[in-house]
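Written below as structure tokens is the structure these notes are about.
Lettering of chains follows the sequences in order, A, B, ..., and the numbering in each one begins at 1.
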2 protein chains.
Amino acid sequence: MIRIILVDDHVMLRNALAARINEFENFKVVDQCSNGKELILTLETNPEPDVVLLDLNMKEMNGMETAQWLKKNRPSIKVLMLTMYDSELTLIQLLQLGVKGILHKSASPSDLRAAINTITTEGQYFSNHTTTKLVNMVNNKEAGTKRLQKSLLNDEEVFFLQLACSDMTYKEVAQRMKLNPRTVDSIRDQLFIKLDVKSRVGLAMVAIRNGIVSL
Amino acid sequence: MIRIILVDDHVMLRNALAARINEFENFKVVDQCSNGKELILTLETNPEPDVVLLDLNMKEMNGMETAQWLKKNRPSIKVLMLTMYDSELTLIQLLQLGVKGILHKSASPSDLRAAINTITTEGQYFSNHTTTKLVNMVNNKEAGTKRLQKSLLNDEEVFFLQLACSDMTYKEVAQRMKLNPRTVDSIRDQLFIKLDVKSRVGLAMVAIRNGIVSL
DNA sequence: TAGGATATCCGTATTTTTCCCGAATTAAGA
DNA sequence: TCTTAATTCGGGAAAAATACGGATATCCTA
């Protein structure tokens, strides 16, 4: 019996997923959480599940942070990430975090079934769509491979993006980050290139799409 | 038998809702659509439902636009709006569009049941949370009442917001809107006041939260 | 019809953002 | 060790965004 925990702050979707999964043979949803923090609490007092279905866009502790925690503290748990939007950035970042599969929220129930099945039998699941994007990135010499190697966001950049998605000015952001305003300029310019945008609004859009900032 | 159509681009959540609703007595989900356009097509060839469960944040034709269309073309259909985030702006705007109820996506199945039941028996459903916010707005003299009267966005402002959530400069936005750049400045300044932000990024955030721009 | 509030349009001034250059330091690789 | 990157920071200028205010038209009202 494969044991699964669901993590998503939308109760109804979560229940829906649970109902579907419990219909499958050999699968059982043993717990449901609303965010990463709840998951950690649950894991502290309960036996480890085999799979965690993790929503990327959550309020309290989002999917990215939670996956990072899981990789570090519970590396044997397989993570299947649920995404709302899709983008190359998320993709690469998630792979780095050891996520074993990615499933778009607009996926059909049969996609869900395939994902859950494959991830337990073969260790990982990636849809054709996901794989295609990866291949395209590798093939796209000018931007693609560079991104594969370099477009991962470090903690500083993530922190910057979170602060940039606000009414603050860059000076204020620099203060908050305890950095020289010039350095903040560099971080921003770096992100312009990495994320292929040319304005702060563009950065904000990418950040939101990728669950880096939670609304 | 109350006939219901679901409109949401997340298949699994949609199916979950459908399953729940079909469990209720006297309710039946007669159709499911992924966005407003599909709904319109469906309505053209099928008999009118009693209730439409409408997601606010959709790609093709979002909930706001769809509600507007329904108000004009199918005024007898009751609209229950599903929201991802919540904000005062959405609230007022939705009420103006004749929406008969608002349900947050993090609502529980029992909330869903209450909403569906109440909307059909009493004509409308608003949660305590929603009502409380409305009351607060009315009581808050300085900003509240003004917002109630004035914070509704007209088509021009909505269009501006959609364009503002991009890498475009205001000049380019002005060109696209066929307006003088100064006029675009005024629209922006107006929105700063209405939405209580002081930068373009702030505008973008509000616009996304309210489903005015779809990512 | 005069007065007052309000919306629209547009100009000026200031601040912020963005870009381009480059220098000093550190890290990494051959 | 020498070269090559990458990081942090600075000056300065051009462009964009924002703040402020003025002119005109409109509409409501006393």
Among the candidates D:dA19, C:dT16, D:dT8, find the nucleotide nearest to the side-chain atoms of B:Arg188.
D:dA19
Should B:Asp8 and A:Lys105 count as an ion pair when the cut-off is N to O under 4.0 Å?
no
Taken to the nearest whole Å, CD/B:Glu157 to C1'/C:dA7 is 12 Å
Can you confirm whether the side chains of B:Thr66 and B:Asn62 place a donor and an acceptor under 3.5 Å from each other?
no
Length of the CD-P vector between A:Glu156 and D:dT7, whole Å:
10 Å
Any donor-acceptor N/O pair, A:Glu122 side chain to A:Thr118 backbone, under 3.5 Å:
no
Looking at C:dT18, I'd like to know if its phosphate oxygens (OP1 or OP2) sit under 4.0 Å from a side-chain N or O belonging to A:Lys198.
no
Answer yes or no: is there an ion pair linking B:Lys194 with B:Glu157, defined by an N-O contact shorter than 4.0 Å?
yes
Check whether any side-chain N or O of A:Arg200 sits under 4.0 Å from OP1 or OP2 of C:dT17, and answer yes or no.
yes
Taking only N and O in the side chain of A:Thr169, is any of them less than 4.0 Å away from OP1 or OP2 of C:dT17?
yes
Just say parallel, tilted or perpendicular for the rings of A:His10 and B:His104, cut-offs at 30° and 60°.
tilted
Among the nucleotides C:dT16, C:dC10, C:dT18, whichever has the atom closest to the side chain of A:Tyr170 is C:dT18
Distance check needed: C:dA7 C1' versus B:Asn154 CG, whole Å only.
12 Å
Under 4.0 Å between a side-chain N/O of A:Asn180 and OP1 or OP2 of D:dT8, yes or no?
no
Length of the CG-P vector between B:Leu191 and D:dA19, whole Å:
13 Å
Using atom CG of B:Asp185 as one end and atom P of D:dC20 as the other, report the distance to the nearest whole Å.
14 Å
Atom CG of A:Asp189 and atom C1' of D:dG11 are separated, to the nearest Å, by 15 Å
In whole angstrom, give the distance that lies between atom CD of A:Gln175 and atom P of C:dT16.
12 Å
In whole angstroms, how far is the P atom of C:dT8 from the CD1 atom of B:Ile193?
13 Å
Which one, C:dT17, D:dT18, C:dC9, comes nearest to the side chain of B:Thr183?
C:dC9
Under 3.5 Å donor-acceptor pair, B:Arg182 side-chain atoms to D:dG22 base atoms:
no
